[in-house]
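Shown next, in structure tokens, is the structure this report addresses.
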Amino acid sequence: MQARKKDSLLVASVKDSLGAAVITFALACVMVGLRVDVASGRGAELFLEHRWLAVAVAVLVVFAGRLAMNIFFWKREDPPSLNLSGLLPKGGLGGGSSNVLKYGLVVLAVALPFALMFWLGARGSRQYIDLAILVMTYVMLGWGLNIVVGLAGLLDLGYVAFYAVGAYSYALLAHYFGFSFWLCLPLAGILAAFWGVILGFPVLRLRGDYLAIVTLAFGEIIRVVLLNWYQFTGGPDGLSGIPRPSFFGLEFTRAEGGFASFFGLDYSSIHRIIFLYYLIFAMALFTNFVTMRLRRMPIGRAWEALREDEIACRALGINTTNTKLTAFALGAMFAGFAGSFFATRQGFISPESFTFLESAIILAIVVLGGLGSQIGVVIAAIVMIGGFEFFREFEEYRMLVFGMIMVVIMVWKPRGLISSRTPSVALSRNAKGISADLVQEGHG
């Protein structure tokens with residue numbers, strides 16, 4: 001009897017695995033096996049490259065993995081318990097462990113440029129400091145979107161539009177009026193917040209999928225306007241020559257009166273990179289500070305009430321119109337700040353930098369980190385942005401790995417990496433975080 005069960009289990013597992021392998025072969029033949037490339041030295045002639053070995057590897061990996069999961073877990077009557085969620089603390093990070101991680105990340109961020117320069121030198125550390133700047137930018141964007149999605153429960157798929165508004169606001173003000181970065185920074189945030197209010201008014205009555213569709217359309221409208229208004233925005237050519245920020249009037253140049261000569265240092269281009277790193281670090285800390293303060297104020301509690309149940313929120317006498325508008329405006333303001341920094345860091349912007357994929361990445365950072373979790377956003381940004389930069393050589397497979405990691409994390413931790421929430425209002429100072437299972441995800 002046991003032998004028959006084992007045979008039937010093996011046969012069923014093999015059949016299921018063969019089916020998965022056939023599907024993988026059908027998809028991989030076109031997506032992996034055939035590649036169109038440009039031949040150098042033959043007048044840019046296109047040619048078709050066959051990669052059947054990669055297809056065979058993909059099919060074998062899927063077959064073996066599916067067969068192992070079927071035999072040991074999925075098709076067994078008594079599958080062994082595999083509690084992957086136990087790899088993280090049951091209640092998430094709360095109390096002392098959360099504070100240790102928070103202050104540890106701050107100390108690491110402060111010392112990172114000097115540690116890299118000590119180990120790798122000015123030339124070798126530049127690419128890693130640039131990568132840290134990119135990660136910090138996405139951390140700031142994630143914290144800004146966390147206000148809209150994580151706290152207020154409003155699904156926003158067009159967040160990159162406010163990022164673009166901030167970037168183009170700084171670039172255009174600097175180009176046409178000669179404004180400095182420090183003057184354009186608050187103006188970019190104000191203009192992005194204004195557009196957040198403009199977006200908020202039409203979507204006040206929408207919820208869930210309908211809200212997501214409208215915000216997605218808004219993001220595409222902004223991108224298309226930037227792409228076609230050639231006389232004002234430069235269209236697909238973009239805007240170049242965007243001025244760099246100065247350190248209290250000191251430019252990062254070789255000339256007399258520059259940053260290096262003022263402090264008696266040998267000129268190095270790494271000085272400007274380190275300055276940009278600490279600038280975005282300070283902006284991210286400001287975003288986190290404002291968010292945490294607002295969360296403990298009546299407006300923050302109104303956001304969370306709106307996320308839990310909009311009807312109950314209305315019954316409590318909360319003005320849901322103002323609550324939604326403030327969430328959109330504040331989230332957009334921080335995106336505008338990040339956009340102005342992006343423009344001055346790159347020195348060049350174009351509509352291609354603000355596609356829907358950027359909104360999807362920022363939203364994925366918020367969701368994978370844990371809705372409403374500030375530390376979770378940091379961890380997710382480091383993993384998604386910093387981690388994938390090390391796979392740049394495998395550019396063709398980055399999105400495949402990206403999708404696989406998202407599936408694994410969502411199965412392993414459906415509520416995000418940090419699934420606990422610190423109560424906004426607690427009767428005791430020693431109150432621990434509450435499980436995210438007790439909190440609504442929010443549908444706007």
Side-chain angles (χ1 to χ4, degrees), residues 133-134 136-152 154 156-177 179-201 203 215 218-223 225-226 229 232-233 238-239 242-245 276 279-291 294 324-351 353-356 358-359 361-363 365-366 377 381:
I133 292 173
L134 182 64
M136 205 76 70
T137 304
Y138 277 93
V139 168
M140 184 176 177
L141 289 169
W143 280 341
L145 184 60
N146 206 18
I147 296 176
V148 183
V149 179
L151 298 183
L154 304 170
D156 187 357
L157 294 181
Y159 193 67
V160 72
F162 310 122
Y163 188 38
V165 169
Y168 272 88
S169 297
Y170 169 58
L172 293 173
L173 288 173
H175 177 73
Y176 287 106
F177 300 100
F179 289 176
S180 66
F181 171 78
W182 302 107
L183 181 59
C184 291
L185 181 63
L187 293 177
I190 292 172
L191 290 173
F194 174 72
W195 281 102
V197 173
I198 291 179
L199 170 63
F201 272 112
V203 303
T215 55
F218 180 79
E220 285 301 301
I221 288 172
I222 294 294
R223 188 184 66 84
V225 169
L226 295 175
W229 199 355
F232 187 61
T233 64
L239 296 173
I242 301 175
R244 307 287 189 178
L276 290 175
L279 176 59
I280 187 59
F281 178 58
M283 292 170 62
L285 287 182
F286 174 75
T287 303
N288 179 63
F289 173 77
V290 173
T291 302
L294 289 176
K324 289 183 179 180
L325 289 180
T326 52
F328 272 113
L330 287 171
M333 180 184 69
F334 293 123
F337 291 155
S340 63
F341 174 81
F342 172 79
T344 193
R345 170 180 174 260
Q346 295 293 112
F348 168 80
I349 56 173
S350 69
S353 300
F354 309 103
T355 60
F356 169 71
E358 293 296 316
S359 288
I361 291 175
I362 300 169
L363 181 62
I365 289 173
V366 174
V377 169

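Keep in mind that this is a model prediction, so the values were computed, not measured.
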Would one find more than 12 heavy atoms of other residues, nucleotides or ligands at under 6.0 Å from atom CZ of Phe201? no
Tyr159/Val366 under side-chain contact (heavy atoms from CB on, under 4.5 Å): CA gap, chis, key distance, verdict: CA-CA 12 Å; Tyr159 193 67; Val366 174; over 6 Å; no
Verdict with reasoning, Thr215 to Leu199, per side-chain contact (heavy atoms from CB on, under 4.5 Å): CA-CA 8 Å; Thr215 55; Leu199 170 63; 4.2 Å; yes
Just wondering, do Thr137 and Tyr163 contact through their side chains at under 4.5 Å, heavy atoms? yes
Roughly how far apart are Phe181 CZ and Phe341 CZ, rounded to 0.5 Å? 7.0 Å
Is Phe289 atom CZ crowded by more than 12 heavy atoms from other residues, nucleotides or ligands, each under 6.0 Å away? no
Is there a side-chain contact between Leu157 and Ser359 in this structure, where contact means two heavy atoms from C-beta onward sitting under 4.5 Å apart? no
For Ile349 versus Ala167, what's the shortest heavy-atom pair and its separation? CD1-O, 3.7 Å
How about His175 and Leu239: do any of their side-chain heavy atoms sit closer than 4.5 Å? no
Output the distance between atom CG (Leu191) and atom OH (Tyr170), rounded to the nearest 0.5 Å. 14.5 Å
Heavy-atom check, side chain of Leu154 versus side chain of Lys324, under 4.5 Å: yes
Leu279 CG to Trp182 CH2 distance, which is reported to the nearest 0.5 Å: 4.5 Å
Reported CG-to-OG1 distance for the pair Leu151 and Thr291, which is rounded to 0.5 angstrom: 7.5 Å
Considering all heavy atoms, the nearest Arg244-Gly347 contact: NH1-N, 3.7 Å
Parallel under 30°, tilted from 30 to 60°, perpendicular over 60°: which one fits the rings of Phe334 and Phe337? perpendicular
Ile362 CD1 to Asn146 CG distance, which is reported to the nearest 0.5 Å: 12.0 Å
Just by modelled atom types, is the Ser340 backbone N or O under 3.5 Å from a matching donor or acceptor in the Thr344 side chain? no
Indicate the atoms forming the closest heavy-atom contact of Gly166 with Ala188, along with that distance. O-CB, 3.7 Å
Is the closest side-chain heavy-atom distance between Arg345 and Ile280 below 4.5 Å? no
Return the minimal non-hydrogen interatomic distance between Leu325 and Val197, and the atom names on each side. CD2-O, 3.9 Å
Provide the closest heavy-atom pair for Ile222 versus Ala164 in the form atom of the first, atom of the second, distance. CG2-CB, 4.4 Å
What I'd like to find out is whether the side chain of Pro351 reaches to under 4.5 Å of the side chain of Tyr168, using heavy atoms alone. yes
Given ring pair (Phe, Tyr, Trp, His ring centres under 6.0 Å), test Phe328 with Phe218 step by step and report yes or no. CA-CA 13 Å; Phe328 272 113; Phe218 180 79; 9.2 Å; no
With a 4.5 Å heavy-atom cut-off, do Val160 and Thr355 have their side chains touching? no
Just verifying a value: how many Å separate Leu285 CG and Met136 CE, rounded to the nearest 0.5 Å? 7.5 Å
Which atom pair, heavy atoms only, marks the closest approach of Gly219 to Ala161? CA-CB, 3.7 Å
